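Remember, it's 1-based here, ligands and their atoms both numbered in the order they're listed. Keep in mind the model is a prediction, meaning the values are calculated, not measured.
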Amino acid sequence: MEFLFAPMEGVTGRIYRRVHARFFPGVSRYYAPFFSPSGDHHFPLRGLTDLLPEENPGVDLVPQLLTNRAEDFIWAAASLMDRGYKEVDLNLGCPSGTVVAKRKGAGFLLLPQELDTFLEAVFSAPELRGLSLSLKTRIGFADEGEWERLLGIYRQYPLSQLIVHPRLRSDYYTGPVRPAAFALALEGSPFPVTWNGDVFSPADLETLRARYPGLDRVMLGRGLAAEPGLAARLSTGEVCSRETLHAFHEAVSEEYRSVLYGDTALCHRMKELWSYLILHFEGGEKHFKRLTKARRWEEFHLASEAIFAELPLREDAEMPGLHTYL
Ligand SMILES: Cc1cc2nc3c(=O)[nH]c(=O)nc-3n(C[C@H](O)[C@H](O)[C@H](O)COP(=O)(O)O)c2cc1C
């Protein structure tokens, strides 16, 4: 089974990715959080830095684009090709209200005809010849009945991979996943189909294997953010030690400290990471509150050290848990 690291805006930026890849085996590819190309065809420094190959050493990275304009996609994907990327992903799942209102991300699923036209333009663009294109999609906006039509559209194109988070936009990240929709995507698919959603433990993976015996690729998001050694544990059964987790945490915070200006930015960035990591510790609610209140890095670091010193690790991260995004 191959494991891919899902894009997570605010969490899995370049620093997190390259430190993760140094400490934890088992992830074959990392997907970058989405970049939204603008109509003026100019890469802002921040978006570009995150995707520069030299900023992602040791990481097999796939950039992701969020747009519904074919010309912007083609421009951005061609620029990424120029920087050496061989695969680019299109985001068809982001449920955020502002994104959906612009009919991007999951909002693009409301316009199947336009989506078809977009894919036609992208797949026939001479600039993108030789580039692999994948889609990361939800199964519809508000009704599972939308899925069949969307699949019919996707199947007209030579996708390198269809990554399916089998939820509707209206499900956001909670509520049960919809296994029948995934089965439909697998059935007779002309391209590889990857599962994404709610794999937090070996038991979750076993359920998937039993349900879909042919499945050979899974994308992990929140589970991997909560337990950074999860991919390795799913492959080999080996559990990551508290010492490794602690060393990983120190390395990430050190790297953030070297590039972020001031305690506020550093605490904010580390809180995002901890909002998942805390789910891997037993009884972390009180400690997490202490982290969220910290304004100075010294305070924050004392609170995170207390977590490592005092709290037992859970065998499986508890999910969904304290998470503020959900
Ligand atoms: C905080 C957060 C940020 C996310 N950012 C992105 C993103 O930039 N692009 C994307 O395609 N999905 C994004 N997702 C969705 C995840 O990639 C993934 O599809 C979702 O969390 C379900 O997988 P999981 O249950 O393994 O976490 C994000 C999810 C979360 C919780």
Original post:
Does Arg29 pair with Glu87 as a salt bridge, N-O distance under 4.0 Å?
Top reply: yes

**OP:** Look at Glu55 together with Arg18 and state whether they make a salt bridge at an N to O cut-off of under 4.0 Å.
**Re:**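 Salt bridge present between Glu55 and Arg18.
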
Can you tell me which portion of [X] lies within the under-4.0 Å heavy-atom range of ligand 1? Options are side chain, backbone, both, or neither.
X: Tyr276; result: side chain
X: Tyr173; result: side chain
X: Asp198; result: both

Subject >> Test item, Gly10 contacting ligand 1 (heavy atom, 4.0 angstrom) >> reply: no

**OP:** Report yes or no: does Val199 have a heavy atom closer than 4.0 Å to ligand 1?
**Re:**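 No, Val199 has no heavy atoms under 4.0 Å from ligand 1.
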
Residue pair [X] / [Y]: nearest heavy atoms and the distance that separates them:
X: Leu291; Y: Ser304; answer: CD2-N, 3.8 Å
X: Gly221; Y: Phe5; answer: O-CE2, 4.1 Å
X: Tyr154; Y: Leu162; answer: CD1-CD1, 3.7 Å

Subject >> Any N/O pair Met219/ligand 1 closer than 3.5 Å >> reply: no

Original post:
Taking distance alone, with no angle check, do Gly221 and ligand 1 share an N/O pair under 3.5 Å?
Top reply: yes

Any idea which atoms of ligand 1 are less than 4.0 Å away from a heavy-atom of [X]?
X: Lys136; result: 10 (C), 11 (O), 12 (N), 15 (C), 16 (C), 17 (O), 18 (C), 19 (O)
X: Asn91; result: 9 (N), 10 (C), 11 (O)
X: Ala6; result: 17 (O)
X: Pro33; result: 8 (O)
X: Arg222; result: 21 (O), 24 (P), 25 (O), 26 (O), 27 (O)
X: Glu9; result: 1 (C), 3 (C), 4 (C), 5 (N), 6 (C), 8 (O)

**OP:** Could you tell me how the ring of Phe248 sits relative to the ring of Phe23: parallel (under 30°), tilted (30 to 60°) or perpendicular (over 60°)?
**Re:** perpendicular

Subject >> Output field: ring centroids Phe281/Phe288 closer than 6.0 Å >> reply: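 No; Phe288 has its ring centre 6.0 Å or more from that of Phe281.
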
Original post:
Between Asp116 and Gln113, is there a donor-acceptor pair closer than 3.5 Å when you use the side chain of the first and the backbone of the second?
Top reply: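 No, because the side chain of Asp116 does not come within donor-acceptor range (under 3.5 Å) of the backbone of Gln113.
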
Original post:
Which pairs, with at least one residue in residues 133-162 and sequence neighbours excluded, count as a salt bridge (Lys or Arg N to Asp or Glu O under 4.0 Å)?
Top reply: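 Output for this query lists Glu144-Arg178.
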
